[in-house]
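Encoded as structure tokens, the structure appears first; notes follow it.
So you know, we letter chains A, B, ... as the sequences are listed, proteins then strands, and number each from 1.
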Amino acid sequence: METEAYEPDDPASHSFAGRTPRNATMFGPAGRLYVYRSYGVHWCANVVCAQEGVGAAILLRALEPTAGIEVMRQRRGVDDVRLLASGPGRLTQALGISDAHDGADLREPPFALKPPRAEVAVVASTRIGITRASDLLWRYSLAGSSFVSRPRPRA
DNA sequence: GTATTGATCTTCT
DNA sequence: GAAGATCAATACA
């Protein structure tokens, strides 16, 4: 439901300052999962989306639970479906993603990549939760969705 | 209801 | 030693 883009020349991107042991996955081949720890507390999941050697990825900020909702509720400890994965940290907790999944190939089980089930209306807006280059319209979410981390970026 | 702060790891200065 | 792609609990109006 919601993603954010990060490129090598983006001051807010982990890959901007160069390759480190933690973000090494980000420089790997596309289609893999890049997991990093945020603020020492949360895990955040990204999809590597450029050729090997280029540190570019898409941050998964929110999703709409469609399967395994009960499991997600158990892991998150909340009932409201809209709160199960409405944020990067919440998303990884709901899916049970951790550093064990860093570098995993999204084309292999337990993951799977599929084409969209239907045409969707996507809106671009400013990014959230960062302090640098936050004016870039690199946050993409589905129009009118109630599963995003915030209904709208504050004006 | 909004505002502030704690938790706690990796990297950078 | 400080900041950061965050969340949730606490403090205040």
Phosphate OP1/OP2 of C/dC7 contacted by A/R76 side-chain N/O (<4.0 Å): no
Sugar-phosphate only, base, or nothing, as touched by A/N46 at under 4.0 Å among non-hydrogen atoms: base
Interatomic distance where CG belongs to A/D80 and P belongs to C/dA8 [whole Å]: 12 Å
Separation of atom CG in A/L83 from atom C1' in C/dA8, rounded to whole Å: 12 Å
Atom pair distance, as rounded to whole Å: CG in A/L84 and P in C/dC7: 14 Å
Set of residues satisfying side-chain hydrogen bond (donor to acceptor under 3.5 Å, both in side chains) with respect to A/S15, sequence neighbours excluded: A/S13
Contact letters for nucleotides 5-10 of chain B, in which S counts primed atoms plus P, OP1 and OP2 and B counts the base, heavy atoms under 4.0 Å: --BBBS
All side-chain contact (heavy atoms from CB on, under 4.5 Å) counterparts of A/A50, not counting sequence neighbours: A/V54, A/A56
Residues forming a ring-ring contact (aromatic ring centres under 6.0 Å, His included) with A/Y6, sequence neighbours excluded: none
5'-most by nearest nucleotide on DNA chain C - A/Q93 or A/I130: A/I130
side-chain hydrogen bond (donor to acceptor under 3.5 Å, both in side chains) partners of A/T92, counting only residues at least two apart: none
With sequence neighbours excluded, residues passing side-chain hydrogen bond (donor to acceptor under 3.5 Å, both in side chains) with A/D105: A/R107
Approximate separation, where rounding is to 0.5 Å, of A/R73 CZ and A/E70 CD: 5.0 Å
Co-members of the apolar cluster containing A/V71 [side chain, <4.5 Å]: none
With sequence neighbours excluded, residues passing ring-ring contact (aromatic ring centres under 6.0 Å, His included) with A/Y36: A/H14, A/Y34
Pairs meeting criterion side-chain hydrogen bond (donor to acceptor under 3.5 Å, both in side chains) with involvement of residues 41-51 of chain A, two or more places apart: none
Residue from A/L60, A/L63, A/I128, A/V122 passing side-chain contact (heavy atoms from CB on, under 4.5 Å) with A/E2: A/I128
DNA chain C stem ranges, 3 or more consecutive Watson-Crick or G-U pairs under 3.5 angstrom: B:1-7 with C:6-12, B:9-12 with C:1-4
A/Y6 aromatic ring stacked with six-membered ring of C/dA5, 5.5 Å and 30°: yes
Positions of residues 48-59 of chain A (non-hydrogen atom under 4.0 Å from DNA chain C), listed by number: A/L59
Residues in side-chain hydrogen bond (donor to acceptor under 3.5 Å, both in side chains) contact with A/T25, at least two apart in sequence or another chain: A/D102
Protein-nucleotide distance (A/R82, atom CZ; C/dC7, atom P), rounded to Å: 17 Å
